[in-house]
Visitor: 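Before I ask anything, let me first share the structure, which is written out below as C-alpha cells.
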Amino acid sequence: MSEKTVSASVAMLQVLESWGVDHLYGYPGGSFNSTMAALADEKDRMKYVQIRHEQVGAMAASADAKLTGKIGVAFGSAGPGATNLLTGLYDAREDHAPVLALVGQTGQAVMNKHFFQEFNEDPIFEDVSVYCRTVMTAKSLPQVVDQAIREAYKNKGVAVVIIPNNLGYEQIPERKYASHTASDDKVAPKVEPSDKEVQEFLHMVKEAKRPVIHVGRGIQDGGDQLIELSKKLQIPLVMTGLAKGYVDEAYEGNLGMSNRAAHKAADEIMASADLVIALGTDFPFADLVYQTHDFKFIQVDNDRVELGRHHELDLGIWADATAFVEAALKASKPVEKRPFMEAAIADNRNWQNYMKEQENNTDTPIRAESIYKQINRIAEDDAIFSIDVGDNIINAFRHLHVSKKQKMVISALFASMGTGLPGALAAKMSYPDRQAIQVAGDGAFSMIMQDLITERKYGLPIINVITSNATLNFIKSEQDDVSMHHSGIHLADQNFAKIADGMGVEGVEVRDPKDLPAAFDRAVKVTKEGRPFLIDVKISDARSLPVEELQLKEVGDHFEETINPTYNSNLDLKQPKTVREFLDYYGGQKLKTLPEFFEEYGVKL
C-alpha cells in the first residue's frame, strides 16, 4: 500500500497551524501560486488576510507578535512583492518581535536565467533576519519553515523562508513535519538576582540623594510591585515608551516618559538624577538623555547583551526586572520621605494639571490634545490602541490613558510611518472581541490608506482617527530647531472622510471642537454594529510644549534651568529670552520650573 501524500505547501501550512498560527497576511503573485493553492485547501483552518500592500502585511504581522508574543506571519511574491515586505520586517527586527516571512521565488527551472522578477533574494533579507534560507527540495519545505519558527522565537526576530514556486506543488509524504510540543509553551524561568547584588543596589540607593528608576517593558506584570518599591525607597519612576501602561499611570510617583515624547517632570527629574537605575529597558535615546550630566548607573536586565550597552556600568545585574523588584522589596526597609521625591511628585502634579487644561482646549483649529480626551472617554476597559509615528506618539505618551488591561502597539525603535492601520488590523485579527482604535497623522495615513478597504472587506470594526493638519508636524518641530527655513513639510490637504466613503467605510470630517463628542459617539455606535469608522479631525499645526528643550545645570549648591540655545533657531522663528517666556508661550502660565520645586522642598546638591 502506497504512502499517502500531500502537497509541500499544504504540509507547510499545517506546520504553521501546529504552532498555533491561524491567520497570515499577504498579496498574491504568480511566483507564490503554489502557496495560494494551499491556502485555498486549508481555508477552514488558516485565514488568509488579503492586504493591498505587502508592507502593510509585514507591519500587521509585526504588530501581531508585539501584541500577543506569538509569531506573526506575512508573505510576498518574488521581486517587488518581496522587497515591499522589508519596512515591516525591519520594524519587527528593531522591536524584537518574532515574525515569519514567506517569500516567493520563480520556479527552479528558470532560476539564475534573468527570468521575469527573478533575482537572488537571500542577500536582500540577510540583514533583517535572524534566519534566512532558500528551500532546495519539496520535502524540506515544511521542515525549513518549522526550523524558521524556532529561530524566530529563540532570537526574537525575523525568520525568512524563500520558496521556489514549483516546490510547493510537489507531493511529499503526509506526515507530521512540525516539531511543536507542549514543552514549547512553557514560560521561561526567570533569572534571579543574587543577595549580594540586591545589597549593593540598596547601598547605592542609600548613598544617593536623587535616585531615579528608568522603567522599561521588562517589568511586564510587576508594575504593582514596582510602585510598592518606589514608595518604600522614595524613588520616582520615569517610563520608556514601550513600558506605557505597565505601571499605573495614576500613581503620583510615575512621572511619565522622558526625552522628546515626554512629560516635563520626567525630563527634569532625569536631568537632575545622581543615580539612574535602568530596569528592563533598551533605551534608544540613551545617548541624548544619559549624557546630559554625570551620575551613577545601575542596570538590571534579563539579557546580558544589554548590560552596559548605553552607559558605563557602576553595577550591572543580570536578572528579570520583576524578580529583582520583588527581591529588593523583601530585603529593604522603608526610608524616610525624600525631599527629592516630594519635589518630583509636586512637579508631576503641576504638569498633570497643565495637560488637563490642554485637553479641555476649545480653540479652533482643534488642538490634538482634545482628541485624546475623547479617545479616553470612549475607550473600553480592554481596548487596543495602535498609534502611528509622528506627533501622535508625543500626544499619546502624554494624554492617552493606558491601563494594564489595555494594550498599545507602536513602531518604537524603527519608528516607521504607516504602522497605525496595520496595528489595528492585527488587533482585530488576534483579539476579535476587543475594541481597536488606531490614530494616525495625515502624512502617515496617506502611506497606507489603501488598506482601509481591508477593514471593510473583512468586516473589522476599527475606529480610525486621522489627525490632519496638512503638515509633517513632527519634522516641522525638528526643523524649528535648525538654522534653516522650513522645507518640504507641507502636504496637500485631503478629505479622508470622502476617501473612506469611496471605499465603503463610513466617516466624518470634524473642524469644530464642539463636534468631537458626537463624532466619537457615532464611531462607537457604528463599530458596535460591526463596521469600521473613520474620523478625520482637522487640527492645528501648533507645536506642543517641547519639554526636551529645557536644560538643567548645577550652579553652586543649586540647579538653574535654561532653554537649549538651538531652540527656535529656524530662520523663520523668534527665540524666547527666558524660561518663563518659553512656558507661557505654550499656555503654561501655571507651570513652575524644577528649581522652584527644589527650593520649596529643600532639595540640595
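These values consider heavy atoms only, across backbone and side chains, with no hydrogens, waters or symmetry-generated copies. Predicted model, so just to flag it, every value in this text is computed and none were measured.
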Visitor: Taking NZ in K154 as the centre, count heavy atoms belonging to other residues, nucleotides or ligands within less than 6.0 Å. Is the count above 12?
Guide: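 12 or below, so no.
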Visitor: Is there a donor-acceptor contact under 3.5 Å linking the side chains of N84 and Q55?
Guide: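 Result is no, nothing qualifies.
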Visitor: How many angstroms lie between atom OG1 of T281 and atom CG of D301, to the nearest 0.5 angstrom?
Guide: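 One gets 8.0 Å once the value is rounded to the nearest 0.5 Å.
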Visitor: Flag the pair H214 / F283 as yes when their ring centroid distance falls below 6.0 Å, and as no otherwise.
Guide: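 Yes; F283 has its ring centre under 6.0 Å from that of H214.
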Visitor: With sequence neighbours excluded, tell me which residues meet side-chain contact (heavy atoms from CB on, under 4.5 Å) with T5.
Guide: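 Once residues adjacent in sequence are excluded, the partners of T5 under the side-chain contact (heavy atoms from CB on, under 4.5 Å) criterion are Q171.
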Visitor: Quick one: list whatever passes side-chain contact (heavy atoms from CB on, under 4.5 Å) with D224, sequence neighbours left out.
Guide: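 Once residues adjacent in sequence are excluded, the partners of D224 under the side-chain contact (heavy atoms from CB on, under 4.5 Å) criterion are K404.
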Visitor: With sequence neighbours excluded, what pairs up with Q117 under the side-chain contact (heavy atoms from CB on, under 4.5 Å) test?
Guide: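 Checked Q117 against side-chain contact (heavy atoms from CB on, under 4.5 Å); matches are P80.
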Visitor: Roughly how far apart are E118 CD and N112 CG, rounded to 0.5 Å?
Guide: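 Answer rounded to 0.5 Å: 5.5 Å.
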Visitor: With sequence neighbours excluded, tell me which residues meet ring-ring contact (aromatic ring centres under 6.0 Å, His included) with F75.
Guide: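 With neighbours one apart ignored, the set is F32, Y48.
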Visitor: Can you give each donor-acceptor pair under 3.5 Å made by side-chain atoms of residues 11-22, sequence neighbours left out, with the distance rounded to 0.1 Å?
Guide:
{"unit_1": "W19", "atom_1": "NE1", "unit_2": "D146", "atom_2": "OD1", "d": "2.8"}

Visitor: Cation-pi check for F397 against R260: NZ or CZ below 6.0 Å from the six-membered ring centre and within 45 degrees of the axis, yes or no?
Guide: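 Relative to the ring axis of F397, which defines the angle, R260 lies outside at least one limit.
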Visitor: Can you see whether N165 engages S34 through a side-chain donor-acceptor pair at a distance of less than 3.5 angstrom?
Guide: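 A pair is found: one side chain offers a donor N or O, the other an acceptor, under 3.5 Å apart.
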Visitor: Enumerate donor-acceptor pairs with a distance under 3.5 Å from any side-chain N or O in residues 64-72 to protein atoms, sequence neighbours excluded.
Guide:
{"unit_1": "D64", "atom_1": "OD1", "unit_2": "S430", "atom_2": "OG", "d": "2.5"}
{"unit_1": "D64", "atom_1": "OD2", "unit_2": "H23", "atom_2": "NE2", "d": "2.8"}
{"unit_1": "D64", "atom_1": "OD2", "unit_2": "Y25", "atom_2": "OH", "d": "2.8"}
{"unit_1": "K66", "atom_1": "NZ", "unit_2": "D91", "atom_2": "OD1", "d": "3.3"}
{"unit_1": "K66", "atom_1": "NZ", "unit_2": "D91", "atom_2": "OD2", "d": "2.9"}
{"unit_1": "K66", "atom_1": "NZ", "unit_2": "D95", "atom_2": "OD2", "d": "2.8"}
{"unit_1": "K66", "atom_1": "NZ", "unit_2": "I410", "atom_2": "O", "d": "2.9"}
{"unit_1": "T68", "atom_1": "OG1", "unit_2": "D64", "atom_2": "O", "d": "2.8"}
{"unit_1": "T68", "atom_1": "OG1", "unit_2": "K70", "atom_2": "N", "d": "3.0"}

